[in-house]
A.B. asks: 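Got a structure for you, written out below as structure tokens; questions coming shortly.
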Amino acid sequence: GVIEYVNTAALDRLGYTEDELIGIKGRMLISPKNPSNLRDDIVSSVTHRMWKGDLLLITARGEEFWVHMTVSRLDRKDAPAGLVSISYEISERVLSEQRLLQFNEHLKQIHRLQTTSYTLFEELFEDYIQTGINILGMETGIISKVEDGVYTIHAVISDIDALKSGSKFQVSDTYCD
């Protein structure tokens, strides 16, 4: 629907003036990153009175933020007369949920490492290194040992050609002081 009224809190968060928003279609504030069926879902639900859900909105500056919104149909003489929506920002909640999901996935990977049987140490090392690289978001992973001033690489995953399994370096030539 077309926006007829907007409160000052919404104006402040969205970064628009009242004149900029009054008269435009509300869907202009909805991010295209929302599910493609979101608009149809809202219209269908509001036809039967109300829709509630989380969606991504866009500010005047093009920044996106999450809200939980309730959209209800307003009736006049038993006929639809318009819509009213109430929303509150949930960006921090969504970010926390995403972090929890990622942490849960990391725990699953660590559990998988602990319960997998390996026939060769090389397979175990490679799986541990690759999992660590994925969890930590790094490009290089090394299993190494420092003994008697010598740094020995036992297993490595890296694009750096100088890093190879079996390579040995003096500790003084590394970052391992």
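These values consider heavy atoms only, across backbone and side chains, with no hydrogens, waters or symmetry-generated copies.
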A.B. asks: Give a yes or no on whether Ile22 atom CD1 has more than 12 heavy-atom contacts from other residues, nucleotides or ligands under 6.0 Å away.
C.D. replies: yes
A.B. asks: Any side-chain heavy-atom pair from Leu55 and Ser31 closer than 4.5 angstrom?
C.D. replies: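 No; the side chains remain at least 4.5 Å from each other.
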A.B. asks: Check this for me: Tyr118, atom OH, are more than 12 non-hydrogen atoms of other residues, nucleotides or ligands nearer than 6.0 Å?
C.D. replies: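 For Tyr118, atom OH is crowded (more than 12 foreign heavy atoms under 6.0 Å).
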A.B. asks: Check the pair Ser172, Gln170 against side chain to side chain donor-acceptor pair (under 3.5 Å), reporting the backbone distance first and the verdict last.
C.D. replies: CA-CA 5 Å; Ser172 59; Gln170 290 300 310; 5.2 Å; no
A.B. asks: Once rounded to the nearest 0.5 Å, what's the spacing between atom CH2 of Trp66 and atom CD of Glu92?
C.D. replies: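 Trp66 atom CH2 to Glu92 atom CD measures 14.0 Å (nearest 0.5 Å).
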A.B. asks: Consider side chain to side chain contact (heavy atoms under 4.5 Å, CB included). Of Ile153, Val146, Val150, which one does Phe169 pass it with?
C.D. replies: Ile153
A.B. asks: Is the CG atom of Asp159 crowded by more than 12 outside heavy atoms at less than 6.0 Å?
C.D. replies: no
A.B. asks: Is it the case that one hydrophobic cluster holds both Ile90 and Ile30, taking links as side-chain heavy atoms less than 4.5 Å apart, direct or via other members?
C.D. replies: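 Per the 4.5 Å side-chain linkage, Ile90 and Ile30 are not co-clustered.
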A.B. asks: Taking C-beta and beyond as the side chain, do Met69 and Ile42 meet within less than 4.5 Å on heavy atoms?
C.D. replies: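 Not touching, per the 4.5 Å side-chain cut-off.
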A.B. asks: Looking at every non-hydrogen atom in both residues, tell me the closest pair between Ser158 and Leu163 and how far apart they are.
C.D. replies: OG-CD1, 3.8 Å
A.B. asks: Is there a side-chain contact between Asp75 and Pro80 (heavy atoms, below 4.5 Å)?
C.D. replies: yes
A.B. asks: Should Arg99 and Gln102 be marked as a side chain to side chain donor-acceptor pair (under 3.5 Å) after you check the CA-CA gap, both sets of side-chain angles, and the distance that decides it?
C.D. replies: CA-CA 5 Å; Arg99 286 180 182 149; Gln102 185 178 32; over 6 Å; no
A.B. asks: Kindly compute the distance separating CD (Glu4) from CG (Leu83), expressed to the nearest 0.5 Å.
C.D. replies: 9.5 Å
A.B. asks: Is there a path of hydrophobic side-chain contacts, each under 4.5 Å between heavy atoms of I, L, V, M, F, W or Y residues, that connects Ile110 with Ile157?
C.D. replies: no
A.B. asks: Please evaluate residues Arg13 and Val67 with respect to the criterion side-chain contact (heavy atoms from CB on, under 4.5 Å), reporting the C-alpha separation (whole Å), side-chain torsions for both, the decisive distance (0.1 Å), and the verdict.
C.D. replies: CA-CA 11 Å; Arg13 182 59 184 103; Val67 296; over 6 Å; no
A.B. asks: Report yes if some heavy atom in the side chain of Val94 is under 4.5 Å from a heavy atom in the side chain of Phe65; otherwise report no.
C.D. replies: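 Contact flag for Val94/Phe65 side chains = no.
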A.B. asks: If every non-hydrogen atom of Gly15 is compared with every non-hydrogen atom of Ala60, which pair is closest and at what distance?
C.D. replies: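 Reported closest heavy-atom pair: O-CB, 3.3 Å.
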A.B. asks: Return the OG1 to CG distance between Thr59 and Asp12, rounded to the nearest 0.5 Å.
C.D. replies: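 Reported value, rounded in 0.5 Å steps: 12.5 Å.
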A.B. asks: Taking the side chain as every heavy atom from C-beta outward, state whether Tyr16 and Leu29 have any atom pair closer than 4.5 Å.
C.D. replies: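 They are in contact (side-chain heavy atoms under 4.5 Å apart), so the answer is yes.
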A.B. asks: Is the count of non-hydrogen atoms from other residues, nucleotides or ligands lying under 6.0 Å from Glu126 atom CD greater than 12?
C.D. replies: no
A.B. asks: Is the shortest heavy-atom distance from the side chain of Tyr151 to the side chain of Ile142 under 4.5 Å?
C.D. replies: yes
A.B. asks: Do Arg112 and Asp127 have side-chain heavy atoms sitting under 4.5 Å apart?
C.D. replies: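 SC-SC contact between Arg112 and Asp127 confirmed.
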A.B. asks: Return the CG to CG distance between Leu95 and Leu100, rounded to the nearest 0.5 Å.
C.D. replies: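 It is 10.0 Å, given to the nearest 0.5 Å.
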A.B. asks: Spell out, yes or no, whether Ile135 and Ile129 are grouped together once hydrophobic residues are joined by side-chain heavy atoms under 4.5 Å, including indirect joins.
C.D. replies: no
A.B. asks: Please give me the minimum heavy-atom distance between Ser167 and Ala162, naming the atom from each residue.
C.D. replies: OG-O, 3.9 Å
A.B. asks: Rounded to the nearest 0.5 Å, what separation is found between the CD1 atom of Ile58 and the CD atom of Glu63?
C.D. replies: 11.0 Å
A.B. asks: Can you check side-chain contact (heavy atoms from CB on, under 4.5 Å) on Met138 and Thr140, steps first, answer last?
C.D. replies: CA-CA 6 Å; Met138 303 185 81; Thr140 296; over 6 Å; no
A.B. asks: Between Leu38 and Met28, is there a shared hydrophobic cluster once you connect ILVMFWY residues whose side-chain heavy atoms come closer than 4.5 Å?
C.D. replies: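 Cluster IDs for Leu38 and Met28 match.
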A.B. asks: Kindly indicate whether the side chain of Lys108, heavy atoms from C-beta on, has any atom under 4.5 Å from the side chain of His111.
C.D. replies: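 Contact flag for Lys108/His111 side chains = no.
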A.B. asks: So, taking the atom named CE in Met50 and the one named OG in Ser45, what distance separates them when rounded to the nearest 0.5 Å?
C.D. replies: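 Here the rounded value is 9.0 Å.
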A.B. asks: Grouping I, L, V, M, F, W and Y whenever their side-chain heavy atoms are under 4.5 Å apart, do Ile160 and Val156 come out in a common cluster?
C.D. replies: yes
A.B. asks: How far apart are the closest heavy atoms of Glu139 and Ile133, and which atoms are they?
C.D. replies: O-CD1, 4.2 Å
A.B. asks: Does Asp41 offer a backbone N or O that forms a donor-acceptor pair with the side chain of Ser44 under 3.5 Å?
C.D. replies: no
A.B. asks: Check the pair Gln109 / Leu113 against side-chain contact (heavy atoms from CB on, under 4.5 Å), numbers first and verdict last.
C.D. replies: CA-CA 6 Å; Gln109 291 301 314; Leu113 289 173; 5.8 Å; no
A.B. asks: Compare every heavy atom of Ala10 with every heavy atom of Val6, then report the nearest pair and how far apart it is.
C.D. replies: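 Shortest heavy-atom separation between Val6 and Ala10 comes out as CG2-CB, 3.6 Å.
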